[in-house]
Amino acid sequence: MSTTASPCGTFDATILDRRELAANVVLIGFDAPALVAVTRPGQYVMAVPPSGEVASTALGIYEAQGTRGSLLFFVVGKRTTELAGLRPGDGLSLTGPLGNGFDLSSNPRDVAIVAGGVGIASVLLPAQALLAAGARVRLFYGARNRELLVERERFEREGCEVILATDDGSAGHRGYITQALERAEPPELILACGPTPMLRAVASVAETLGVRAQLSLEETFACGVGGCWGCVVPLIGTSAQAPNFPPLERGGSDVVYARICKEGPVFWAHELRW
Amino acid sequence: MSTTASPCGTFDATILDRRELAANVVLIGFDAPALVAVTRPGQYVMAVPPSGEVASTALGIYEAQGTRGSLLFFVVGKRTTELAGLRPGDGLSLTGPLGNGFDLSSNPRDVAIVAGGVGIASVLLPAQALLAAGARVRLFYGARNRELLVERERFEREGCEVILATDDGSAGHRGYITQALERAEPPELILACGPTPMLRAVASVAETLGVRAQLSLEETFACGVGGCWGCVVPLIGTSAQAPNFPPLERGGSDVVYARICKEGPVFWAHELRW
Amino acid sequence: MVSASGLHDIDLTTKIGSLTLAYPTLMGSGCYGSGEEFAPFVDLAKIGAVVLKSVTRHPRLGNPTPRLVHTPAGMLNAIGLQNPGIEWYLEHDVAKFAGRPCTIVGSVAGFSVDDYAYVCELLGQRSEIAAIELNISCPNVASEGETFACDPRLTGKVVRAAREVTDKTLIVKLSPNVTDIASIAREAQSAGADALAVINTVRGMAIDVETWRPRLGNVTGGLSGPAIRPIAVLAVYEVARAVTIPIIGQGGIETTSDALEFFLAGASAVSIGTANFTDPRVPVRIVEELRAYLAQRNLRSLSSIVGRANVGFANAQQYEGDEG
Amino acid sequence: MVSASGLHDIDLTTKIGSLTLAYPTLMGSGCYGSGEEFAPFVDLAKIGAVVLKSVTRHPRLGNPTPRLVHTPAGMLNAIGLQNPGIEWYLEHDVAKFAGRPCTIVGSVAGFSVDDYAYVCELLGQRSEIAAIELNISCPNVASEGETFACDPRLTGKVVRAAREVTDKTLIVKLSPNVTDIASIAREAQSAGADALAVINTVRGMAIDVETWRPRLGNVTGGLSGPAIRPIAVLAVYEVARAVTIPIIGQGGIETTSDALEFFLAGASAVSIGTANFTDPRVPVRIVEELRAYLAQRNLRSLSSIVGRANVGFANAQQYEGDEG
Ligand SMILES: Cc1cc2nc3c(=O)[nH]c(=O)nc-3n(C[C@H](O)[C@H](O)[C@H](O)COP(=O)(O)OP(=O)(O)OC[C@H]3O[C@@H](n4cnc5c(N)ncnc54)[C@H](O)[C@@H]3O)c2cc1C
Ligand SMILES: Cc1cc2nc3c(=O)[nH]c(=O)nc-3n(C[C@H](O)[C@H](O)[C@H](O)COP(=O)(O)OP(=O)(O)OC[C@H]3O[C@@H](n4cnc5c(N)ncnc54)[C@H](O)[C@@H]3O)c2cc1C
Ligand SMILES: Cc1cc2nc3c(=O)[nH]c(=O)nc-3n(C[C@H](O)[C@H](O)[C@H](O)COP(=O)(O)O)c2cc1C
Ligand SMILES: Cc1cc2nc3c(=O)[nH]c(=O)nc-3n(C[C@H](O)[C@H](O)[C@H](O)COP(=O)(O)O)c2cc1C
Ligand code: FES
Ligand code: FES
């Protein structure tokens, strides 16, 4: 994907604001001018939970405007619980911006963004960039229930067409958001972020539709900067996204593991060896 | 020491109030009627830090009046840091009251209470009980500096004569509080709580003066209820305070380990095998 | 789905040798003193068994203080088997359980095969005792860190000697401080163990950087608590593949989810040690939550999940690693 | 008291074989990738040495995912030595350090004595490489958990083979997953090791109780982070009493106080692994704080505290424990 290295570093951000968007879904705004200035759509940060006693955690950069950035996250375990305890005025150590981000260089005119659950946190910036460039942007947004479809009005206000789906039918289609995508008018490009099963489904819909798709993958991270090889995904061995590594032969097929944190988190669906 | 078992249990207390008495010295009041009602002077609780991720910690019961009890503690590590984060309305699991407490059954008329640093947390209740019984109570109170002599006015208001000492001379005698004790008119009984070196000095002053002393000891606790044998102190083998245990012979001397949490935390100085 | 009213039809009993435990959670040796200290806080009848503090032939003072140090997500202890010796123990600590509605396991430690046999024989004669656990793995007493559980030959010897003197259910407690725990486990089984307790504490040390002294009077100690849970889960998993007798899993269990890891790895029951210091009701709470877990999955017995961890590659579609 | 301006007179250099490290903190193997990834966050010239990710003779894909799991105060990893093989490694990962002002240690892993010797010989010829670390203790690749570092005889063999093909400083990395680490350490020293790295990760496992699957693609993994610090401190302490060559201590070091525990236990230098994932500046910060610590105590060199833990009973007046 996009290969220009962005100037990243470790920043002491200050919390500006905090909102609970739903039960256990938190949005925190922070001040970190140098970080925000260089953030590209689809990049993320490694955030150090306040106690410093648990590992740092990867979070997408939701907003990046002026000197303010924000994080939108689900409280699921120790680290996100600690981060959810942050209040305006508190400090927060952030390393980033990290990762490649979405590749919008083809200047696409009609884009489908597919977000599942917390995947919404990584797709506001690409949506804004595409809209600013005059593209049509449809947001296909799925969650377990209506409550968890946080920030959907925000995307409408930005100018997206928003298509919803919920597991329980409490908003939009009942079922998977990829079913809605399948039935919709094919876009020129798909960008997707969400749980792995959803991304697999997006990849297969994209293949059926003959549309190229960029998927933002998730995995447990340790370092977030490519140092531990803990977060890999298998690519086809000839992938243009493969890191410097001699292709290996095995069982007649050709595969290479790329680091989601470094070569990703965004990969072309057709290059994944899923 | 006092042997009557008190009815103890685990209680879900509610924080009522919180004050910072000095930098890193915190007083939290809690509501726990059943616990407070049966607390005797010199007893303590095991408090579970809010995250539940670190071990529980032993804290003396500072005040116990009506349904309100309080804890006065120094923030020195993980657990006390977590406890210091409690705010009015928060819940707190407390097990207690634990330990024997001071033995005031001899109805002493002239008592010296010696408190070093955080030792102050365990001596308000005995001071109040003695004063209520009409005894003269002198508080010998030492700390590193004036700032850390928290609650000294409180003891004056209760009716204690307060003699101070600080390491840096910023209040009272410059030097150890036991030097002040040594030079004072001998009391009938000494009660002491504070760091181990201070307690050793109290024991030796008491011996010189020919006065009996009760020392409230400190050690790292795990269980706090006598189950792990982690918190022992060696007593002379014939000690009346020894737990059920056959005296052991070794090197011609006779010793037995007692559990500070269970047989103590208060021991007669002359029975310690220091 | 089992109805809520059916929760109590779920079979949580566990057979350990000739003993049937009503509940699969035990209170670990050394973490419950003489069994009495926690009685004000938890109903001992609702616990599978209370394993008493290890007893030796002769009284022992134990180690000098400090005996405890808190460490990240755990603690080190070096109690050094302080105990009143078997004679006093039988008269006081064992006798007091006569006729009480709780299951008591005696724990035996020693310094020679003879000592173990002597103490086991005496304990084995007591009706208050439902089973005997051989603690051949206490890390806090031997001079060079060597214990019986570190040597398959010694393990075999001591287990055979204990087996000869008692018909009571015999549990052998293994040490994680070995290169190959499975070989020790096999030896214990073939020497006559009815069950294995896996694991005792992991050897460790902490130093006070102000005084330059070890933070334990005994210099070294045994690490327990959540920090060692992954080590313990693996030990249970490896032992389960090596033997056919039941395993009592332990090491860092605090929650029902933790206990489930041990059951899935191959334990038939679990012991709670360090977690009781924060909350002695943990073993009872786990029993209740286990019922709910099984009910949700339409399972009628705990035994249906024992050893069921699926070790096929987590992601079967995926390319496998290339080691041999 | 050393004046603040005298802080830089304090000698923090450490000799490891023929190599003199300017600073006593290293970046641990496998936690810094090819050494390059952390360059934006920390000045590599201010670190004693960067130990590169272990390399093998042939390229390796490594283990299936997931490869990481967070555990209490630590993490399990099972990377499985993913690496491009020595050929590509020399051309790319080693060559890029030519002329750069930082000290680079190569790490070698293998599956046979020949493999180790082959890779060591090639690495040993490169001027970019200041020393070679033999990783004979990776827990994530061997079938039965057996690695070279679990057997004194195999340890001796592989170290001798490496020693024959290179004059570079040779560091041998030991495993804590053994009954007696001191005997392995002695064997490594007599086979020609210049220094020992103590310890690699502790074997462990975690199970997902929803899916019943191991949480690592490789089923088992290596535990690192603060959870294992007491285990690592003890290993260093025991190894220091068994050998005369320098020790590079590691396992759960996050702060200067943690590092000091290792120095006092007998380490001449320390490696930081997992802690770098939270903050890569840890090794540099420890160096600064070590200076202040030594200055406060009027000590002019780090070496004056190495191995100085006072193991007399913590409380000398006190009655001693009664074990043999
Ligand atoms: C590039 C990238 C970007 C990301 N961006 C975002 C974002 O913008 N917003 C966001 O909310 N998240 C995001 N994530 C995910 C986020 O990093 C994780 O949710 C977070 O790290 C969880 O940390 P935790 O300590 O709170 O939870 P953990 O304790 O690590 O738990 C994580 C998950 O594992 C489960 N789990 C934990 N323990 C167990 C167990 N014993 N058995 C079974 N399951 C268990 C939990 O239920 C939870 O679902 C991103 C991840 C990546 C890789
Ligand atoms: C019966 C009893 C009653 C007590 N009552 C009170 C009371 O009323 N108020 C009160 O404030 N305290 C009281 N204490 C003491 C209190 O229990 C401890 O201060 C508390 O447990 C500390 O817990 P922590 O986790 O905050 O600190 P910890 O992290 O356990 O640290 C405790 C001490 O060890 C030191 N320490 C920690 N780690 C290291 C290291 N690596 N190297 C060197 N030193 C280290 C710390 O600096 C600190 O001084 C009492 C203790 C007992 C036994
Ligand atoms: C303070 C303490 C004392 C212990 N004493 C004994 C003992 O006497 N005999 C024994 O077999 N195990 C003893 N153990 C080990 C525990 O029974 C248990 O096997 C171990 O701590 C691991 O479990 P945990 O992490 O739940 O504590 C002791 C553990 C602790 C923490
Ligand atoms: C993700 C990860 C990968 C590792 N890879 C290697 C490796 O390739 N070679 C090696 O010798 N050690 C490897 N280690 C072990 C570390 O170098 C270190 O010895 C161990 O993690 C203990 O230190 P720590 O607790 O500071 O991480 C790895 C550790 C981690 C966490
Ligand atoms: S998280 Fe370390 S390489 Fe990706
Ligand atoms: S702390 Fe457990 S016996 Fe005292």
Side-chain angles (χ1 to χ4, degrees), chain C residues 60-66 71-74 76 80 111 141-143 145 150 177-180 202-207 209 212-220 223 226-231 233-234 237-238 252 257 260-261 264-265 308-311 313-315 318-324, chain D residues 60-66 71-74 76 80 111 141-143 145 150 177-180 202-207 209 212-220 223 226-231 233-234 237-238 252 257 260-261 264-265 308-311 313-315 318-324:
Chain C
R60 285 177 55 81
L61 272 179
N63 290 326
T65 59
T71 65
L76 285 168
F111 302 88
V141 291
S143 41
C150 287
N177 305 300
V178 296
T179 309
D180 180 15
V202 181
R203 295 182 66 232
M205 177 177 185
I207 298 173
V209 304
W212 296 12
R213 281 180 178 156
R215 291 167 70 85
L216 289 172
N218 187 52
V219 181
T220 70
L223 186 63
I228 68 166
R229 194 191 314 135
I231 302 172
V233 170
L234 175 56
Y237 173 76
E238 292 190 330
S257 166
L260 283 163
E261 286 196 67
L264 292 167
R308 292 289 299 280
N310 175 356
V311 299
F313 280 107
N315 185 341
Q318 195 177 296
Y319 221 78
E320 287 183 18
D322 63 349
E323 67 281 336
Chain D
R60 283 178 55 81
L61 271 180
N63 290 326
T65 60
T71 65
L76 285 168
F111 301 88
V141 290
S143 41
C150 287
N177 305 303
V178 297
T179 308
D180 180 16
V202 181
R203 295 181 66 232
M205 176 177 185
I207 298 173
V209 304
W212 298 11
R213 280 178 177 157
R215 290 167 70 85
L216 289 173
N218 187 52
V219 181
T220 71
L223 186 63
I228 68 167
R229 193 192 312 135
I231 302 172
V233 170
L234 175 56
Y237 173 76
E238 293 189 330
S257 166
L260 282 164
E261 286 197 66
L264 291 167
R308 292 289 300 281
N310 174 355
V311 299
F313 278 109
N315 184 341
Q318 194 177 296
Y319 222 78
E320 286 182 18
D322 64 348
E323 67 282 336

**Asked** Between D:S257 and C:V209, which heavy-atom pair has the shortest distance, and what is it?
**Response** O-CG1, 3.5 Å
**Prompt:** What pair of heavy atoms forms the shortest contact from C:M205 to D:L234, and how long is it?
**Reply:** CB-CB, 3.7 Å
**Request:** Give the minimum heavy-atom separation between C:A227 and D:L223, together with the two atoms involved.
**Result:** O-CD2, 3.7 Å
**Item:** Side chain to side chain, C:I231 and D:I231, heavy atoms closer than 4.5 Å
**Value:** yes
**Item:** Closest-packed option against chain C by number of heavy-atom pairs under 4.5 Å, given D:T71, D:I228, D:L264
**Value:** D:L264
**Request:** Without swapping roles, check the side chain of D:E261 against the backbone of C:I207 for a donor-acceptor pair under 3.5 Å.
**Result:** yes
**Request:** Could you tell me whether the side chain of D:N177 reaches within less than 4.5 Å of the side chain of C:T179, counting heavy atoms only?
**Result:** no
**Prompt:** By a 4.5 Å heavy-atom criterion (distance strictly below it), what part of C:L260 contacts chain D: side chain, backbone, both, or neither?
**Reply:** both
